[in-house]
Amino acid sequence: MKELVRSKLAQAVKELYGIEAPDFKVEKPKDEKLGDIATNIAFLLSKSLKRNPNEIAGDLANKLSEDDTFESAEAVRGFVNLKFSKGFLLSEFRKLLSEGEGYFKEDLGKGLKVQLEFVSANPTGPLHLGHGRGAVVGDTLARLFRFYGFDATREYYINDAGRQVYLLGVSVLYRYLELLGEEEKRPDIKELFEEEGYRGEYVIDIAKALLEAVGDSLLSENNVLEAKERILSFGFEFPLEYTSRFSPEKEPEVELCSAFGLDMMMEEIREDLSYMGIDFDVWFSERSLYERGLVEKLIEELKGKGYVYEAEGALWLKTSEFGDDKDRVLRKSDGSYTYFSSDIAYHWDKFKRGFEKVIDLWGADHHGYVPRVKAALRMLNIPEDWLEVYLVQMVKLFRGGKEVKMSKRAGTFVPLRELLEEVGPDAVRFVFLTKRSDTPLDFDVDVVKEKSSDNPVFYVQYAHARISGVFREVKERLGLDPEGEDFSGFLDHLEEDIELKLMKKSLMMKDELIEVTLRRDPHLITYLLIDLAGLFHYYYNHYRIIGSEEGVMKGRLALLKGVRTAIGLSLKLIGVSAPERM
RNA sequence: GGGCCCGUAGCUCAGCAGGACAGAGCAGGGGAUUUCUAAUCCCCAGGUCGGAGGUUCGAGUCCUCCCGGGCCCGCCA
């Protein structure tokens with residue numbers, strides 16, 4: 001509707017002054033008493049027309065009051081305030097009723113290929129709350145992008161290369177030996193585990209599964225290949241991708257533990273995500289970049305452009321020439337590559353795969369990492385605005401008014417699964433979207449478990465369920481079917497201001513969702529939902545549907561149907577269920 | 001020392017590509033239940049938008065400085 005108003009204003013400016021309108025704002029006024037839509041256009045025109053803003057606003061208001069889209073158009077202190085006419089709102093609302101969710105659609109993306117990379121947690125431990133938040137924000141953005149005509153891909157980057165994976169193997173092996181009472185036999189493993197190992201209980205779980213599958217056959221290095229076969233034939237319910245690819249090189253027993261650990265962890269991560277309703281389209285392996293020689297190729301490419309030099313036995317990239325604080329190491333003096341190298345290679349690969357826009361969600365602790373990646377991309381002649389990075393801040397969990405800091409299972413952090421099991425995916429998703437993702441979030445478990453208006457998730461879902469309840473009741477008592485029958489013709493019978501307001505808010509949801517998408521602010525959807533649900537609850541408490549005069553009742557049923565569509569769609573876009581009853 | 005983020009009602013936070021008297025929920029006080037789900041609704045009270053300057057017709061929103069809090073500054077990932 002904003003676009004419609006915008007074009008009418010631009011048209012009016014042209015007719016009145018014979019000039020093109022500047023880039024003006026069309027927005028909801030802070031105070032709804034002022035009207036439905038306001039614009040600052042007169043302020044912007046006042047300079048070029050050399051006239052007082054309020055006079056210009058007056059001209060425009062006069063012009064627009066002739067338009068039957070508007071009930072009124074007024075100039076107030078330089079603003080043009082517009083109020084939609086009842087006729088216009090009714091005809092829009094009828095469109096909503098006949099088109100359903102389709103009414104809210106718009107082809108903004110025109111098929112633009114967008115990739116969203118998020119979560120990408122190291123597969124060396126369970127997902128924690130911060131990962132969950134990134135997952136929800138990323139997935140919601142993906143849903144919005146798809147709804148608005150973008151060709152969006154969800155991708156998870158698996159850091160399955162490098163030292164962390166080796167350390168996972170060491171940790172699993174140590175716990176395995178411990179289970180057999182043999183840890184003293186490998187002082188090298190014990191020492192490394194104690195210094196840098198993963199200490200969470202989940203490693204013991206992996207070791208137990210391993211022990212069950214292979215018995216003590218890993219005690220002797222000669223049996224590693226045999227152990228691999230035993231794992232593969234043991235009948236785990238998850239794909240043993242890493243294990244099956246494993247081939248013995250140096251320290252084969254550690255490597256086998258790594259591979260098996262990766263398989264188990266990735267399975268757990270996939271389960272958590274899918275429990276939250278998130279399915280990735282692509283699981284991209286860091287290791288595959290090395291296997292394809294892409295990291296070497298990248299370095300050759302950068303060398304060819306003259307951005308690489310050698311110093312102190314390492315290979316450096318001149319990122320400082322592109323806005324970074326200092327140059328960064330690509331290849332360490334021991335010959336291994338940094339995470340940075342593979343990460344540039346990864347983004348280079350994304351570019352070559354034809355993504356026209358890439359959005360990364362990273363943990364906020366990576367913020368110092370942004371300039372160097374952007375610097376590298378510029379060296380590769382990748383456009384500045386191709387990559388958008390959003391940082392996701394951490395989540396603190398509160399229970400009984402106190403912060404929950406640790407978990408036995410994960411060690412130093414609270415695993416996402418614990419929260420999911422306690423409050424369910426709907427609450428988790430909703431609450432993760434109640435704050436801007438780049439600021440820290442406090443998650444109060446107790447609030448979300450309450451079944452009252454204190455709990456925003458239930459509050460919104462309840463509005464949806466209530467409408468469904470009315471529809472059920474109408475069907476049973478009167479044999480009417482608001483879902484199937486078309487009552488939109490009875491909207492004329494509605495006389496109350498609040499009914500028009502409910503229509504307006506439902507219709508405006510389209511503009512709001514579009515703005516949320518373009519500004520990448522998915523958290524605002526929860527506020528929009530609370531707002532609309534609140535207005536509905538008020539209405540429900542003050543006006544009866546069943547028992548009103550027949551025309552009014554049918555009009556109200558049509559109204560509720562449209563409101564439910566707006567709520568249902570918004571819930572769907574944030575991935576929260578819209579229950580028929582509660 | 002440098003960088004990023006934050007500081008809005010007692011609490012948790014919206015609002016920040018400048019705009020009209022600063023919003024919501026919770027907590028606090030008072031009310032509504034012969035009813036389509038009270039898992040709801042209504043009313044009241046509550047703020048010098050951390051502080052000081054600046055830009056502007058107009059600043060919670062932009063700029064500078066200061067104060068307070070969090071996070072990051074590795075040939076780790």
Side-chain angles (χ1 to χ4, degrees), chain A residues 23 25 27 29-31 33-35 38-40 43-44 46-47 52-53 76-79 81 122 124 159 161-165 167 196 286 311-316 325-326 328-340 342-343 363-371 391 393-394 396 398 401 434-436 438-444 447 450-459 461-463 465-474 476-478 518-519 521 523-524 526-528 530-531 533-534 536-548 553 556-557 560 581-582:
Chain A
D23 188 19
K25 278 209 304 205
E27 58 186 6
K30 270 186 185 164
D31 186 342
K33 280 185 227 115
L34 294 165
T39 176
N40 64 344
F43 292 100
L44 303 173
S46 95
K47 259 183 197 154
N52 175 322
V76 183
R77 297 169 63 185
F79 290 89
N81 293 337
N122 285 339
T124 52
N159 298 121
R163 185 164 171 81
Q164 50 176 350
V165 171
L167 286 174
E196 297 180 75
E286 178 188 7
E312 300 159 60
L315 221 51
W316 296 73
D325 306 344
K326 53 180 183 176
R328 305 292 171 175
V329 171
L330 290 169
R331 196 179 60 211
K332 297 177 253 177
S333 51
D334 68 2
S336 65
Y337 294 99
T338 57
Y339 180 82
F340 179 48
S342 53
D343 219 19
D365 53 342
H366 285 63
H367 74 250
Y369 201 72
V370 179
L391 301 173
Q393 279 281 3
M394 56 190 216
K396 280 188 198 163
F398 286 81
T434 52
K435 263 197 91 170
R436 265 176 47 198
D438 64 353
T439 62
L441 174 77
D442 292 341
F443 194 125
D444 190 332
V447 166
E450 268 176 60
K451 295 191 168 184
S452 75
S453 57
D454 305 0
N455 179 346
V457 191
F458 279 84
Y459 185 79
Q461 288 182 318
Y462 184 45
R466 260 185 157 171
I467 296 176
S468 305
V470 173
F471 289 177
R472 270 195 305 276
E473 205 65 26
V474 160
E476 261 176 49
R477 289 204 211 168
L478 309 168
L518 295 177
R519 293 178 47 169
D521 268 337
H523 72 286
L524 294 179
T526 55
Y527 290 89
L528 293 167
I530 290 168
D531 196 38
F536 163 73
H537 284 309
Y538 172 90
Y539 179 63
Y540 183 92
N541 268 277
H542 289 82
Y543 298 90
R544 309 241 353 124
I545 291 109
I546 299 171
S548 329
M553 175 180 72
R556 289 182 174 170
L557 288 171
L560 292 201
R581 60 176 83 228
M582 294 173 73

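Protein chains get the first letters and strands the later ones, always in sequence-line order, with residue 1 at the start of each. Below, each value reflects all heavy atoms present in this structure, side chains not excepted, and no hydrogens, waters or symmetry copies. Since the structure is predicted, the reported quantities are computational estimates derived from the model, not experimental observations.
For B:C76, one of the phosphate oxygens OP1 or OP2 lies less than 4.0 angstrom from a side-chain nitrogen or oxygen of A:Lys332. Proximity of A:His523 to the phosphate of B:G15: a side-chain N or O atom is located under 4.0 Å from OP1 or OP2. Between B:A38 and A:Tyr462, a contact under 4.0 Å exists linking OP1 or OP2 to a side-chain N or O. Residue A:Tyr459 places none of its side-chain N or O atoms closer than 4.0 Å to OP1 or OP2 of B:U37. For A:Lys25, no side-chain nitrogen or oxygen approaches OP1 or OP2 of B:A17 to under 4.0 Å. Under 4.0 angstrom from either OP1 or OP2 of B:A17 there lies at least one side-chain N or O belonging to A:Arg519.
With its ring centre under 5.5 Å from that of the base six-membered ring and a plane angle below 30°, A:Phe79 counts as stacked on B:A20.
B:C4 and B:C42 are spaced 44 Å apart, taking the P atom of each and rounding to whole Å. A gap of 26 Å separates the P atoms of B:G30 and B:U48, to the nearest Å. Straight-line distance between the C1' atoms of B:G18 and B:C49: roughly 15 Å, to the nearest whole Å. Spacing of C1' atoms, B:U61 relative to B:U56, comes out at 13 Å, to the nearest Å. With P as the reference atom, B:G60 and B:C72 are 33 Å apart, rounded to whole Å. If you take atom C1' in B:C16 and the same atom in B:A22, they sit 13 Å apart, rounded to whole Å. Using atom P as the reference point in both B:C62 and B:G7, the two lie 11 Å apart (nearest Å). B:G1 and B:A59 have their P atoms separated by 33 Å, with the value rounded to a whole Å.
Taking CE from A:Met394 and CG from A:Asp442, the interatomic distance works out to 9.0 Å, rounded to the nearest 0.5 Å. A:Gln164 contributes atom CD, which lies 4.0 Å from atom CG of A:Asn122 (distance to the nearest 0.5 angstrom). Between the CD atom of A:Glu473 and the CD atom of A:Glu476 there is a distance of 5.5 Å, given to the nearest 0.5 Å.
Of the candidate nucleotides B:C57, B:C4, B:C36, B:C36 has the atom lying nearest to any side-chain atom of A:Tyr540. Comparing B:A14, B:G74, B:C36 by their nearest atom to the side chain of A:Lys326 picks out B:G74. Nearest nucleotide to the side chain of A:Ala465, out of B:A39, B:C57, B:U37: B:U37. Nearest nucleotide to the A:Thr439 side chain, out of B:C72, B:C5, B:A38: B:C5. Residue A:His366 has its side chain nearest to B:A77 when only B:A77, B:A14, B:U35 are considered. When the nucleotides B:C71, B:U40, B:C6 are ranked by their closest atom to the side chain of A:Asp365, B:C71 comes out on top. Taking every side-chain heavy atom of A:Arg436 into account, B:C16 is the closest of B:U37, B:C16, B:A77. The side chain of A:Tyr538 lies closest to B:C41 when the candidates are B:U40, B:C41, B:C4.
Taking the six-membered ring where tryptophan is involved, the planes of A:Tyr339 and A:Tyr369 are tilted, since the angle between them lies from 30° to 60°.
Taking 3.5 Å as the limit, the base of B:C13 and the side chain of A:Thr434 contain no donor-acceptor pair of atoms between them. A:Asn81 contributes a side-chain N or O that forms a donor-acceptor pair with the base of B:A20 under 3.5 Å. Remark: the A:Gln164 side chain and the B:C76 base include no donor-acceptor N/O pair separated by less than 3.5 Å.
B:C26 is paired with B:G10 under the criterion used here, namely a Watson-Crick or G-U wobble arrangement in which both key atom distances are under 3.5 Å. B:G18 makes up no base pair with any nucleotide shown, lacking Watson-Crick or G-U wobble contacts both under 3.5 Å. The partner of B:U34 is absent, by the rule that a Watson-Crick or G-U pair needs both atom distances under 3.5 Å. Applying the Watson-Crick and G-U wobble criteria (two distances, each under 3.5 Å), B:G1 pairs with B:C73.
Two residues are said to be in side-chain contact when any heavy atoms from C-beta on lie closer than 4.5 Å; A:Arg556 and A:Val470 fail this criterion. Residues A:Gln393 and A:Lys435 form no side-chain contact, since every pair of their non-hydrogen atoms from C-beta on lies 4.5 Å or further apart. Between A:Phe340 and A:Leu330 the shortest side-chain heavy-atom distance falls below 4.5 Å. Side-chain contact check for A:Leu560 versus A:Tyr539: some heavy-atom pair is nearer than 4.5 Å.
Using a 4.0 Å heavy-atom cutoff across all strands shown, A:Ile530 reaches no nucleic acid atom at all. Contact annotation for A:Phe536: no contact, since no heavy-atom pair falls under 4.0 Å across all strands. Across all strands, A:Gln393 comes closer than 4.0 Å to no nucleic acid atom at all (heavy-atom distances). A:Phe471 comes within 4.0 angstrom of no nucleic acid atom, judged by non-hydrogen atoms across all strands. Note on A:His367: a base of the nucleic acid sits closer than 4.0 angstrom, heavy atoms only. Within the nucleic acid shown, A:Phe340 has no heavy atom closer than 4.0 Å to any nucleic acid atom. When heavy atoms are screened at a 4.0 angstrom cut-off, A:Arg77 is found touching the sugar-phosphate backbone but no base atom.
As a whole-Å value, the separation of A:Gln461 CD from B:U40 P is 12 Å. Atom CZ of A:Phe43 and atom C1' of B:A17 are 18 Å apart (whole Å). Between the C1' atom of B:G25 and the CZ atom of A:Phe458 lies a distance of 17 Å, rounded to the nearest Å. Note: CD (A:Glu27) to C1' (B:U61) measures 12 Å, nearest angstrom. With rounding to whole Å, A:Asn40 atom CG is found 15 Å from B:U61 atom C1'. We find that CG of A:Asp325 is positioned 12 Å from P of B:C73, with the value rounded to whole Å. Rounding to whole angstrom units, CG of residue A:Leu44 and P of B:G18 are separated by 10 Å. The nearest whole Å value for the distance from the CD1 atom in A:Ile546 to the C1' atom in B:U35 is 10 Å.
Of the two residues contacting RNA chain B, namely A:Arg331 and A:Ile545, the nearest-nucleotide position lying further toward the 5' end is that of A:Ile545. Sequence order on RNA chain B of the closest nucleotides to A:Pro440 and A:Met394 puts A:Pro440 first from the 5' end.
In this model, a donor atom of one side chain and an acceptor atom of the other lie less than 3.5 Å apart for A:Glu286 and A:Ser342.
A centroid separation of 6.0 Å or more is found between the aromatic rings of A:Tyr462 and A:Phe458.
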